[in-house]
Amino acid sequence: MRIRRVHPGDVAKLARIAAASYRAAFAAILSPRALAARAAGFFARRFRRQRRRLRLASAAGRPVGFSMATRRHLDMLFVAPRFAGRGAGRRLLAECERLGGLTLECFAANHAARRFYERAGWRLARAYARPFAGATHDFVAYERPA
């Protein structure tokens, strides 16, 4: 597993991973309309604008996951569903920590992500509700251990 910066030619592949991961992880959380709005094109536009904030995980030369961070906050971490559980997420999270990542948030109902972060030692800081994708959702914030 290799972690590297994202090149312009990677954006479309990562956008497809993001869209597939959203559908897999959030089908029971977001409305079908919200999921449809986050198709590959949505992510490709965002990733082209924010490419320098992305890191890519590859296995055998193929992209299998990515993370995106803003300063010290992890905004996204997704692994292609068929590559889940093979270490890409752990490596991406470790890279975020190495670069100074201190906080992240996820849906309160995303139990798989919460277990992942808690097993990595991140601690729950608070729970709250906020608007997202046209509805109010429950979220949790995590902080990296000192």
Side-chain angles (χ1 to χ4, degrees), residues 3-59 62-97 99-145:
I3 308 296
R4 65 169 173 82
R5 293 178 183 261
V6 171
H7 305 297
D10 299 320
V11 167
K13 293 172 191 160
L14 296 184
R16 287 191 295 275
I17 289 172
S21 296
Y22 246 71
R23 286 189 304 273
F26 305 142
I29 298 171
L30 296 176
S31 71
R33 183 177 179 172
L35 289 172
R38 280 160 176 76
F42 168 87
F43 289 106
R45 287 185 295 280
R46 183 172 181 187
F47 294 168
R48 276 194 287 285
R49 288 190 314 268
Q50 300 172 332
R51 183 176 53 83
R52 296 186 194 289
R53 296 177 40 217
L54 292 159
R55 294 293 182 269
L56 177 147
S58 63
R62 344 180 351 196
V64 298
F66 69 92
S67 65
M68 182 165 57
T70 305
R71 294 183 190 95
R72 297 189 179 273
H73 181 78
L74 178 62
D75 293 313
M76 288 187 200
L77 191 156
F78 287 109
V79 174
R82 70 179 199 229
F83 288 97
R86 298 186 192 180
R90 285 188 305 274
R91 294 286 307 277
L92 287 162
L93 186 59
E95 177 71 359
C96 174
E97 292 171 351
L99 294 172
L102 297 173
T103 62
L104 62 87
E105 80 170 357
C106 68
F107 288 108
N110 188 348
H111 302 292
R114 294 182 67 179
R115 278 190 307 274
F116 170 76
Y117 295 125
E118 289 167 9
R119 284 181 186 151
W122 287 63
R123 69 175 172 86
L124 181 63
R126 65 187 176 98
Y128 52 95
R130 72 169 178 85
F132 182 84
T136 298
H137 294 278
D138 293 326
F139 286 86
V140 288
Y142 282 88
E143 294 176 346
R144 189 175 101 194

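- A distance-only check finds a donor-acceptor pair linking the side chain of Arg114 to the backbone of Ala108 [under 3.5 Å].
- Nearest heavy atoms, Val79 versus Ile17: C-CG2, 4.2 Å.
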Q: Start with the C-alpha gap between Tyr117 and Leu77, add the side-chain angles, then the distance that decides, and say whether side chain to side chain contact (heavy atoms under 4.5 Å, CB included) holds.
A: CA-CA 11 Å; Tyr117 295 125; Leu77 191 156; 3.9 Å; yes
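- Shown here for Gly65 and Leu14, the closest heavy-atom pair between the two residues is O-CD2, 4.0 Å.
- Side chains of Ile29 and Phe132 form no contact here, defined as non-hydrogen atoms less than 4.5 Å apart.
- Residues Ala24 and Pro81 share a closest heavy-atom pair of CB-CG, 3.9 Å.
- Interatomic distance, Arg86 CZ to Arg91 CZ, rounded to the nearest 0.5 Å: 15.5 Å.
- Nearest approach of Leu35 to Ala27, heavy atoms of both residues: CD1-CA, 3.8 Å.
- Arg72 places a side-chain N or O within donor-acceptor distance of the main-chain N or O of Gly100, the cut-off being under 3.5 Å.
- More than 12 non-hydrogen atoms from other residues, nucleotides or ligands lie less than 6.0 angstrom from CZ of Arg130.
- Relative ring orientation between Phe47 and Phe43 is described as tilted, the plane-to-plane angle lying within the 30° to 60° band.
- Considering NZ of Lys13 and CG of Leu56, their distance stands at 9.0 Å, rounded to 0.5 Å.
- Ring orientation note: the planes of Phe78 and Phe66 are tilted relative to one another, at an angle of 30° to 60°.
- Taking SG of Cys106 as the start and NE2 of His111 as the end, the distance is 10.0 Å to the nearest 0.5 Å.
- In this structure, OG in Ser58 is found 7.0 Å from CD1 in Ile3, a value given to the nearest 0.5 Å.
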**Q.** Residues Asp10, Arg51; criterion side chain to side chain contact (heavy atoms under 4.5 Å, CB included); working and verdict
**A.** CA-CA 9 Å; Asp10 299 320; Arg51 183 176 53 83; over 6 Å; no
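- Considering Arg71, Arg144, His73 as possible partners of Thr103, the one that fulfils the side chain to side chain donor-acceptor pair (under 3.5 Å) test is His73.
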Q: Begin from the C-alpha positions of Arg46 and Asp75 and carry the test salt bridge (Lys or Arg N to Asp or Glu O under 4.0 Å) through to its verdict.
A: CA-CA 12 Å; Arg46 183 172 181 187; Asp75 293 313; 5.1 Å; no
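- A distance of 11.5 Å separates CG in Leu104 from OG in Ser67, rounded to the nearest 0.5 Å.
- Pairing each heavy atom of Ala88 with each of Val64, the nearest pair is CB-CG2, 3.9 Å.
- When all heavy atoms of Leu74 and Cys96 are compared, the closest pair comes out as CB-SG, 3.9 Å.
- A heavy-atom distance below 4.5 Å is not found between the side chains of Gln50 and Thr70.
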